[in-house]
Amino acid sequence: MTQGTEMLATGIEGIAAAVDLVKTYQQGGTEIMALDHVTVGFSRARFTAIAGPSGSGKSTLMHCLAGLDSATSGQVLLDGTELTGLSDRALTRVRRDKVGFVFQSFNLLPQLTALENIALPVTMAGRSLDHDLLDHLVGVLGLGDRMTHRPGELSGGQQQRVALARALVARPAVVFADEPTGNLDSRSGTEVLDFLRRSVRDLDQTVIMVTHDPRAAAYADRVLVLADGRVVDDVDTATGADVTRVLQITGRAG
Ligand code: ADP
């Protein structure tokens, strides 16, 4: 395990990086190239969207970056740790210590209250909860009067806001969000995207979000566009680029 560096030999920098990453699947005797030599770095305290049509490799890239899946070849670096070649046990530890997840389907435990769901990853890791940060997140997310409710008593938007608090309260190196607005109405989706953007600005959180929705991608600072397992566009939204138009013109909106 390589510790303490944020730069690989190739010069790719960032809190997360993929270098010459290849992921293939075997299906019915044919090889599917889900990631085709992807090299990309993700800067700290930035909100990056990974966009592209269905089947372009978005989820595969996210899963490899987050230590949920291992690549066929190439390197992944996450907060100074090289993930390539780590055992399942070591990968579990990396995920626990460095990563926060937000899923399309919220993935809250139904028998636990909102507060218990938020605290669970921190307490399972044997760490103590940062109560100041918890109060801040609960306030910003408007969850103050929902903390004793179970997920079944919350709307989809409220459940996703609980999931956001759970992801951020451990101060992870990177929050990975996988289609976080996919199950939400437009207003709740906007609240989630606003919050993610705000967490980058106010808490220096690094966020990497997979989405096939150009409207969601437009909230990010940077949009990485995949097609057929390759990076085909890398759009800095600060330059005034209209991401929705870019994705529609290139037919990569999914
Ligand atoms: P996206 O997230 O952009 O929809 P994926 O990363 O899920 O794309 O998939 C990329 C490619 O890899 C697709 O062709 C998909 O069918 C294939 N793929 C993904 N997971 C598997 C798997 N477990 N087995 C076989 N093929 C897979």
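Model, not experiment: these values are computed from the prediction. Note that ligands are numbered from 1 as they come in the structure, with each ligand's atoms numbered from 1 the same way.
- Put simply, CG on L193 and CZ on R198 are 14.5 Å apart, with the number rounded to the nearest 0.5 Å.
- The CE atom of M33 sits 12.5 Å away from atom NZ of K23, with the distance rounded to the nearest 0.5 Å.
- The OG1 atom of T211 sits 8.0 Å away from the NZ atom of K58 when rounded to the nearest 0.5 Å.
- Listed by first and then second residue, the ring pair (Phe, Tyr, Trp, His ring centres under 6.0 Å) pairs that reach into residues 86-131 are F101-F103, sequence neighbours excluded.
- Within 4.0 Å of ligand 1, protein heavy atoms belong to Y25, Q27, I32, A34, P53, S54, G55, S56, G57, K58, S59, T60, listed by chain and number.
- A distance of 10.5 Å separates CG in L65 from CG in L77, rounded to the nearest 0.5 Å.
- For CG of D228, the number of neighbouring non-hydrogen atoms (other residues, nucleotides, ligands) closer than 6.0 Å is 12 at most.
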